[in-house]
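These figures come from a predicted structure and were not determined experimentally.
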Amino acid sequence: MQASPEQQSLTLELQLLDNEIMQANTKLKSLPEIEQLLHIDKRIVIANDELTTVKAEADQIALELRRGEVDVETVTDRIKKDEARLASGNATPKELEQLQHEVGTLRKRQEALEEIELEIMVRSEAITARTNTLTTDLASLETLKAEINQRLTAASNEINTVITNKKSDRDVVGAKIEKPLLDLYEKIRSASGGVAAAALVGNKCNGCNLAINAVEMERIKSLAKDELLRCEECRRILVRI
C-alpha cells in the first residue's frame, strides 16, 4: 500500500490520541475511590450483619428480663401474703411454723431470682451499648461512603471530559486520513491491543521494541517514502521519522 509521508505521520498522531484515550480509560477503571468503596461496602455488610445478630440477642435478653421480673413479682406477692397471714395471727402454731418456713424459702428464692435478674440487666446494658456503637459506626461509614462517592463522581467526570475531548480530536485527525489507510489502521488496532502504528527509530520498532535486522533495514532504505511499511515482528504500521 502507498501512502504519503504526511498520511503516515497522521497515523502516528492518531495513535498518540488513542494511547491517551486508553490511558484515561485505564485511569478511570483504577481510581482509588473504587477500591475504597468496595472496602467500605464490605464493612457496612459486616456491621449490618452483626447489628442484626445483636438486635436479635437484645430481643431475647428483653424477653428473659421480663420473665425474670414476673418471677420476682410472683415470689414477692407470695411473701407479702404469707407475712400478712403471719401478722394476722389467724393460724394454728403448726400453720405459723409452716408459714415462717415458707417465707424463709421464698426469700431465698427471691434473692436468687434478683441475682439472675441483675445478671440479665448487665447483659442488657452491654448489648445496648454494642447496639449503639454499631449504629454509630454504620452512620459514620455511610457518611464516609457518600463523601467518597462524591470524590469518585468528580474524578470520573474530569477523566470523562478528557476522553470526550480526545475522541473529538481523534475524529478530526481520522477525517484527514485516507479511507484505505484508516481502515487498515483500525483493523490492526483491534487485533494488536490498541496499538496500530509505531515509529521506526533507528533500527527499532517502537511498537514491539524489537530491533530490525540489517537486511530488512537495507530493504527499507531502498523503498520509496510513500511505501507503507509493516513491522515484520508485530505487523504494525511502521512510520519512518
Side-chain angles (χ1 to χ4, degrees), residues 3 7-53 133-177 179 181-212 228-241:
Q7 284 285 301
Q8 294 182 40
S9 293
L10 284 173
T11 64
L12 284 182
E13 189 176 342
L14 190 63
Q15 185 63 69
L16 177 60
L17 289 168
D18 281 334
N19 289 345
E20 291 173 337
I21 291 170
M22 285 191 293
Q23 289 167 3
N25 277 315
T26 298
K27 185 178 180 180
L28 186 64
K29 295 175 182 177
S30 58
L31 286 170
E33 288 82 3
I34 296 174
E35 184 65 29
Q36 291 168 7
L37 284 173
L38 288 174
H39 179 65
I40 287 176
D41 281 338
K42 288 180 182 178
R43 290 176 61 187
I44 288 174
V45 169
I46 291 172
N48 272 318
D49 287 346
E50 185 175 355
L51 185 58
T52 299
T53 301
T133 298
L134 286 170
T135 301
T136 301
D137 289 348
L138 275 169
S140 298
L141 286 171
E142 291 293 350
T143 299
L144 181 58
K145 180 179 179 178
E147 292 173 356
I148 294 175
N149 265 319
Q150 288 179 347
R151 296 204 303 268
L152 177 60
T153 297
S156 298
N157 288 342
E158 183 178 344
I159 295 173
N160 280 321
T161 298
V162 171
I163 292 173
T164 298
N165 292 337
K166 293 298 179 182
K167 285 184 176 179
S168 179
D169 294 341
R170 186 186 193 280
D171 290 340
V172 173
V173 174
K176 298 177 182 178
I177 301 176
K179 190 175 185 305
L181 179 57
L182 183 61
D183 289 344
L184 176 62
Y185 175 93
E186 296 293 2
K187 181 179 179 181
I188 297 172
R189 188 170 74 94
S190 64
S192 303
V195 180
L200 174 61
V201 181
N203 69 335
K204 189 177 76 171
C205 167
N206 270 6
C208 59
N209 294 315
L210 294 177
I212 298 172
L228 190 68
L229 303 180
R230 301 280 298 276
C231 175
E232 286 190 325
E233 295 296 334
C234 65
R235 301 306 297 160
R236 293 183 174 98
I237 297 170
L238 202 54
V239 181
R240 290 166 279 190
I241 58 173

Between Ala24 and Ile163, what is the shortest heavy-atom contact and its length?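 In this case the closest contact between Ala24 and Ile163 is CB-CG1, 3.5 Å.
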Donor-acceptor pairs under 3.5 angstrom involving side-chain atoms of residues 201-208: please list them, not counting sequence neighbours.
none

Pairs meeting criterion salt bridge (charged side-chain N to carboxylate O under 4.0 Å, His left out) with involvement of residues 14-30, two or more places apart: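 Found Asp18-Arg170, Asp18-Arg189, Glu20-Lys166.
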Residues in side chain to side chain contact (heavy atoms under 4.5 Å, CB included) contact with Gln150, at least two apart in sequence or another chain: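 Counting only residues at least two positions away or on another chain, Gln150 forms no side chain to side chain contact (heavy atoms under 4.5 Å, CB included).
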Nearest heavy atoms of Leu182 and Ile177, plus distance in Å: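 In this case the closest contact between Leu182 and Ile177 is N-CG2, 3.7 Å.
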In chain order, what residues pass the salt bridge (Lys or Arg N to Asp or Glu O under 4.0 Å) check against Asp137, with sequence neighbours excluded?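 Not a single residue meets the salt bridge (Lys or Arg N to Asp or Glu O under 4.0 Å) criterion with Asp137.
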Non-neighbouring partners of Gln36 that pass side-chain hydrogen bond (donor to acceptor under 3.5 Å, both in side chains), sequence neighbours left out: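 Testing Gln36 for side-chain hydrogen bond (donor to acceptor under 3.5 Å, both in side chains), a comparison that skips the adjacent residues, returns Arg151.
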Please identify each residue that fulfils side chain to side chain contact (heavy atoms under 4.5 Å, CB included) with Arg235, with sequence neighbours left out.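 Once residues adjacent in sequence are excluded, the partners of Arg235 under the side chain to side chain contact (heavy atoms under 4.5 Å, CB included) criterion are Arg230.
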Considering residues at least two apart in sequence or located in another chain, which fulfil the side-chain hydrogen bond (donor to acceptor under 3.5 Å, both in side chains) criterion with Lys145?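 So Lys145 forms a side-chain hydrogen bond (donor to acceptor under 3.5 Å, both in side chains) with Asp41.
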Asp49 side chain reached by Val45 side chain, heavy atoms, under 4.5 Å: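 A side-chain contact exists here, since the closest heavy-atom pair is under 4.5 Å.
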Listed pairs under 3.5 Å, donor-acceptor, residues 7-14 side chains, sequence neighbours left out:
from  : atom 1 : to     : atom 2 : distance (Å)
Gln7  : OE1    : Glu178 : N      : 2.7
Gln7  : NE2    : Lys176 : O      : 2.9
Gln8  : NE2    : Ala3   : O      : 2.8
Gln8  : NE2    : Lys225 : O      : 3.1
Ser9  : OG     : Pro5   : O      : 3.0
Thr11 : OG1    : Gln8   : O      : 2.4

Can you list the residues that meet the salt bridge (Lys or Arg N to Asp or Glu O under 4.0 Å) rule with Asp183, with sequence neighbours excluded?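 Scan of Asp183 (salt bridge (Lys or Arg N to Asp or Glu O under 4.0 Å), adjacent residues dropped) gives Lys179.
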Tell me if a side-chain donor or acceptor on Ser168 pairs with a main-chain N or O of Thr164 at a distance below 3.5 Å.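 No, the answer is negative, given that no donor and acceptor are paired below the 3.5 Å cut-off.
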Side chain to side chain contact (heavy atoms under 4.5 Å, CB included) partners of Leu144, counting only residues at least two apart: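 Side chain to side chain contact (heavy atoms under 4.5 Å, CB included) list for Leu144, sorted by chain: Ile40, Glu147, Ile148.
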Nearest heavy-atom pair of Ala196 and Tyr185: which atoms, and what distance?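 Of all heavy-atom pairs spanning Ala196 and Tyr185, the closest is CB-O, 3.2 Å.
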With rounding to the nearest 0.5 angstrom, report the CD1 to CD1 distance, Ile188 to Ile237.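 Output value for this atom pair is 4.0 Å.
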Sort out for me which residue in Thr133, Asn48, Thr143 forms a side-chain contact (heavy atoms from CB on, under 4.5 Å) with Leu138.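 In the set Thr133, Asn48, Thr143, the residue that makes a side-chain contact (heavy atoms from CB on, under 4.5 Å) with Leu138 is Asn48.
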Could you tell me the separation between the CG atom of Leu152 and the CD1 atom of Ile34, rounded to the nearest 0.5 Å?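 Answer rounded to 0.5 Å: 5.5 Å.
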Can you name the nearest heavy-atom pair linking Ala47 to Leu134, along with the distance?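 Heavy atoms of Ala47 and Leu134 come nearest at O-CD2, 4.4 Å.
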Going by side-chain hydrogen bond (donor to acceptor under 3.5 Å, both in side chains), name the residues that satisfy it together with Asn19, two or more places apart in sequence or in a different chain.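 Partners of Asn19 by the side-chain hydrogen bond (donor to acceptor under 3.5 Å, both in side chains) criterion, ordered by chain and then number, come out as Gln15.
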Please check if the number of heavy atoms outside Glu158 that lie under 6.0 Å from its CD is greater than 12.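 Open: at most 12 neighbouring heavy atoms sit under 6.0 Å from CD of Glu158.
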